[in-house]
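Since the structure comes first, as structure tokens, the remarks are kept for the end.
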There are 2 protein chains.
Amino acid sequence: MKQMSSRLSMAVHILCLIGTMPAPTGDVIAGSVNTNPVVIRRIMRMLKQAGLIQVRPGVGGSKLLRDPDRITLLDVYHAVDIVEGNSMFGMHEHPNPACPVGRMIAGAMRREFDEAQRAMEQRLSQTTIRRLMDQVGRERAPS
Amino acid sequence: MKQMSSRLSMAVHILCLIGTMPAPTGDVIAGSVNTNPVVIRRIMRMLKQAGLIQVRPGVGGSKLLRDPDRITLLDVYHAVDIVEGNSMFGMHEHPNPACPVGRMIAGAMRREFDEAQRAMEQRLSQTTIRRLMDQVGRERAPS
DNA sequence: CCTTGTTAGAACTAATATGGTTACAACAGG
DNA sequence: CCTGTTGTAACCATATTAGTTCTAACAAGG
């Protein structure tokens, strides 16, 4: 299976940077993430639309619109990793309705997949950007 | 984000069919899943390699190699939905080591993503093929 | 032996998502 | 006005996916 887009990890990286540095520009962020500034801008637009950050056009610089204690990985996930229909599990769409198994299997599977996804999202919602910022700071100290 | 491959849902469908019908051929299965037989064979090869089913070449027909009580959705997931490095969360690969955040963020995120994935897999491991077969049978009865 | 129905799999295609890149417009402050 | 920045469209190379065509191998019945 294909991995999830790395947009989520880049977005978390971006938020941690904005929470740590004073108003970094897109180019500075791109330098830390190590990618093209346009890629950063694309993701920052999604974070903006989700109400997580504010960006000053023209003059540059961005800041968090919410306390990092109140931004969870699930918030970021929803902001940047939108899946059609909100279900990450792809399903074959036209099982044969003439077959009893074909007719009933889709609904039964959907329920199980939804539960599995809910478990993942519940875990993501328990980690905040603050927590990651703290980890970065702590590991940095001993040097 | 792109949805996961529908191989997982097709594989579950296949296993439920094999557990329900007596030795269905690939074409019959393809009829119920409503796709090309080669797609079915591709998935069945993975299920074979995982030791979940046995297929009789030439003469046709397949059967489960394990009691459906002992096949979980996680088993099927592992059989067909292999992700490189076993991590479903893609991460940007070269954060700038010259930046404190860039240097430390990858490990911190990896831990959180792994936990989220574990939560999902744990939930998948709690549902068996038998359970889905039963649901199909039960819902079919009232007709 | 040979016909038939099947599994096995290589090779190819169209559609789609993705990260990256270039180019240019809009904007704000000195 | 000049400069550095954000905003965005357009395009590209790559990879995954489900699907398709085609051919070979195989096993059983006649």
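Computed from a predicted model, the values in this text were never measured in an experiment. Throughout, protein chains are lettered first and strands after them, A, B, ... in sequence-line order, and every chain is numbered starting at 1.
- Within the 4.0 Å cut-off from OP1 or OP2 of D/dA18, at least one side-chain nitrogen or oxygen of B/Ser6 is found.
- Put simply, B/Ser5 has a side-chain N or O that comes within less than 4.0 Å of OP1 or OP2 on D/dA18.
- Atoms CZ (B/Arg45) and P (C/dA10) sit 6 Å apart, rounded to a whole Å.
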Between protein and nucleic acid, restricted to nucleotides 4-7 of chain C and to nitrogen or oxygen atoms under 3.5 Å apart, what atom pairs and distances do you find?
residue : atom : partner : partner atom : Å
C/dG5   : N2   : B/Gly58 : O            : 2.9
C/dT6   : O2   : B/Gly58 : O            : 3.4
C/dT7   : OP1  : B/Gly26 : N            : 2.8
C/dT7   : OP2  : B/Gly26 : N            : 3.3

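- The separation between A/Glu93 atom CD and C/dA15 atom P is 16 Å, rounded to whole Å.
- For B/Met46 and C/dA8, the CE to P distance is 13 Å, given to the nearest whole Å.
- For residues 6-62 of chain A, the set of pairs meeting the ring pair (Phe, Tyr, Trp, His ring centres under 6.0 Å) definition, not counting sequence neighbours, comprises A/His13-B/His92.
- The side chain of B/Asn36 sits closest to D/dT20 out of C/dG20, D/dT20, D/dT8.
- Partners of A/Val38 according to the side-chain contact (heavy atoms from CB on, under 4.5 Å) rule, which considers only residues two or more places apart in sequence or in another chain, are A/Asn36, A/Arg41.
- Residues satisfying the side-chain contact (heavy atoms from CB on, under 4.5 Å) criterion with A/Ser6, sequence neighbours excluded, are A/Ser9, A/Met10.
- Within the structure, side chain to side chain donor-acceptor pair (under 3.5 Å) contacts touching residues 49-59 of chain B (residues at least two apart or in different chains) do not occur.
- The base of C/dG20 is paired with the side chain of A/Arg42 by a donor and an acceptor separated by under 3.5 Å.
- Between B/Thr35 and D/dG19, a side-chain N or O to OP1/OP2 separation shorter than 4.0 Å is present.
- What separates NZ of A/Lys2 from C1' of C/dG19 is a distance of 9 Å, to the nearest Å.
- Residue B/Ile53 contributes atom CD1, which lies 13 Å from atom C1' of C/dA8 at whole-angstrom precision.
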- Task: Would you check, one step at a time, whether the test salt bridge (Lys or Arg N to Asp or Glu O under 4.0 Å) holds for B/Arg118 with B/Glu121?
- Result: CA-CA 5 Å; B/Arg118 251 168 47 84; B/Glu121 294 186 348; over 6 Å; no

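- In this structure, A/Lys63 places its NZ atom 17 Å from C1' of D/dT6, rounding to the nearest Å.
- The nearest whole Å value for the distance from the CD1 atom in A/Ile40 to the C1' atom in C/dT21 is 14 Å.
- Among pairs with a residue in residues 34-54 of chain A, none fulfils ring pair (Phe, Tyr, Trp, His ring centres under 6.0 Å), at least two apart in sequence or across chains.
- Between the axis at the start and the axis at the end of the helix from C/dC1-D/dG30 to C/dG30-D/dC1 there is an angle of 0°, using five pairs per end and rounding to 10 degrees.
- Remark: C1' of C/dG20 and CG of A/Asn34 are 12 Å apart, rounded to the nearest angstrom.
- Looking only at atom types and distance, the side chain of B/Gln117 has no donor-acceptor partner in the side chain of A/Arg123 under 3.5 Å away.
- Legend: salt bridge (charged side-chain N to carboxylate O under 4.0 Å, His left out) pairs involving residues 1-25 of chain B, not counting sequence neighbours, sorted by first then second residue: B/Arg7-B/Asp81.
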Output side-chain donor-acceptor pairs under 3.5 Å for residues 64-80 of chain A, partner residues at least two apart or in another chain, one line each.
residue : atom : partner : partner atom : Å
A/Arg66 : NH1  : A/Arg70 : O            : 3.1
A/Arg66 : NH1  : A/Asp75 : OD2          : 3.4
A/Asp67 : OD1  : A/Asp69 : N            : 2.7
A/Thr72 : OG1  : A/Leu74 : N            : 3.2
A/Thr72 : OG1  : A/Asp75 : N            : 3.1
A/Thr72 : OG1  : A/Asp75 : OD2          : 3.2
A/Asp75 : OD2  : A/Thr72 : N            : 2.9

